[in-house]
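Okay, structure first, notes after.
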Amino acid sequence: VGRCLKDDGPKDDERPEVMRYLDLIQKESRRCGDIVRNLLLFARPAGGEFALQHVNPILERAAMLVHHHTQIAGIRMDTVPIEGNDQLVCDADQLQQALVALLVNAVEAMPQGGSLTLRAEEDEASVRLSVADTGIGMTPDVQARIFEPFFSTKDGKTGVGLGLAVVYGIVQRHGGRIDVESSVGRGTTFTVRLPRQAAQGPAARGPAAGAS
């Protein structure tokens, strides 16, 4: 590839092969960057900027970041914002990262297309965020392990099994909890419950802490 680009550019018959290699380089570079970011966040979970935020704009940004993925995969995505009070003390960047990770996970669970719903609800004391897909679903054994670091059901080409572990850590640092409901062939729903006043620390309990 380097020799082709160093000269006057690839010849017509070489162009498809060069473009294939460039596309592969781009995808692998992005994958490596995601792995490094997740490793750093997993290894150094402390920190973050907690402040009073509006949840709806965070939902919109997360949905926008995965819009291209859903289009390519033939997935219909619906975003349902909070109609009432959407204020929450949180780290907006980390919350957005958690939502994007859950959305990407849902997209990957629907290789034949499907429906994806990102929903936010509220009550006086908390905010609930859910990501529901109509994908392949999970067995109970897989559900019991999905938040374990380095556990993955993928072939090893798309990550190292830290995505959901990082999500779990983010939820813990917000004093919340994350639950999962799934059936093989019928889809999966992740539900994140966050107190309006974040209690930073490992106070949360979720499937990784013993629930199936």
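Here the structure is a predicted model, which is why all the values come from computation and not from measurement. For this chain, numbers begin at 1 and follow the sequence in order. Just the heavy atoms: all of them, side chains too, but no hydrogens, waters or symmetry mates, feed the values below.
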For this session: Take Met138 and Thr188 through the test side chain to side chain contact (heavy atoms under 4.5 Å, CB included) and record every step on the way to the result.
Result: CA-CA 7 Å; Met138 294 179 284; Thr188 300; 3.6 Å; yes
Side-chain contact, heavy-atom cut-off 4.5 Å: [X] with [Y]?
X	Y	value
Leu118	Asp78	no
Thr189	Val180	no
Val66	Val100	yes
Leu116	Arg76	no
Gln96	Leu65	yes
Gln94	His174	yes
Arg128	Asp123	yes
Thr70	Met77	yes

For this session: Under the side chain to side chain contact (heavy atoms under 4.5 Å, CB included) rule, what do Asp133 and Leu103 come out as? Steps first, then yes or no, please.
Result: CA-CA 9 Å; Asp133 66 64; Leu103 290 169; over 6 Å; no
Say you draw a straight line from [atom1] of [X] to [atom2] of [Y]; how long is it, rounded to the nearest 0.5 Å?
X	Y	atom1	atom2	result
Cys90	Ile170	SG	CD1	11.0 Å
Ile58	Leu95	CD1	CG	5.0 Å
Gln172	Arg177	CD	CZ	11.0 Å
Thr134	Ile75	OG1	CD1	7.5 Å
Asn56	Ile82	CG	CD1	5.5 Å
Asp179	Arg193	CG	CZ	5.0 Å

For this session: Take Asp91 and Arg173 through the salt bridge (charged side-chain N to carboxylate O under 4.0 Å, His left out) test and state the conclusion after the steps.
Result: CA-CA 9 Å; Asp91 182 318; Arg173 287 193 292 281; over 6 Å; no
What's the shortest heavy-atom distance between [X] and [Y], and which atoms?
X	Y	value
Pro111	Ile136	CD-CG2, 4.3 Å
Glu122	Gly84	OE2-CA, 3.9 Å
Gly175	Pro195	O-CD, 3.5 Å

For this session: Taking Ser182 for its side chain and Gly187 for its backbone only, find out whether a donor-acceptor pair lies under 3.5 Å.
Result: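 Present.
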For this session: Check for a donor-acceptor pair, side chain of Gln53 on one end and backbone N or O of Gln87 on the other, with a separation under 3.5 Å.
Result: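 Looks like no, no N/O pair under 3.5 Å.
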For this session: Apply the test side chain to side chain contact (heavy atoms under 4.5 Å, CB included) to residues Val166 and Gln97: give CA-CA distance (whole Å), side-chain angles for both, the deciding distance (0.1 Å), then the verdict.
Result: CA-CA 9 Å; Val166 169; Gln97 179 181 355; 3.9 Å; yes
Exercise. Is Leu164 reachable from Val184 through a run of I, L, V, M, F, W or Y residues, each pair having side-chain heavy atoms under 4.5 Å apart?
Worked result: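 No, Val184 and Leu164 fall in different hydrophobic clusters.
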Exercise. Under 4.5 Å between side-chain heavy atoms, hopping through other hydrophobics if needed: is there a path connecting Val142 to Val167?
Worked result: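 Yes.
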Exercise. Got a sec: does the CD of Glu181 have more than 12 other heavy atoms crowding it under 6.0 Å?
Worked result: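 Not buried by this count: 12 neighbours or fewer within 6.0 Å.
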Exercise. Parallel, tilted or perpendicular for Phe147 and Phe190, by the 30°/60° rule?
Worked result: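 Judged by the thresholds at 30° and 60°, the geometry between Phe147 and Phe190 is perpendicular.
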For this session: Indicate yes or no: does Glu124 engage Arg196 in a salt bridge with an N to O separation below 4.0 Å.
Result: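 Salt bridge flag = no for Arg196 with Glu124.
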For this session: Show your reasoning for whether side chain to side chain contact (heavy atoms under 4.5 Å, CB included) applies to Thr191 and Leu129.
Result: CA-CA 6 Å; Thr191 302; Leu129 308 171; over 6 Å; no
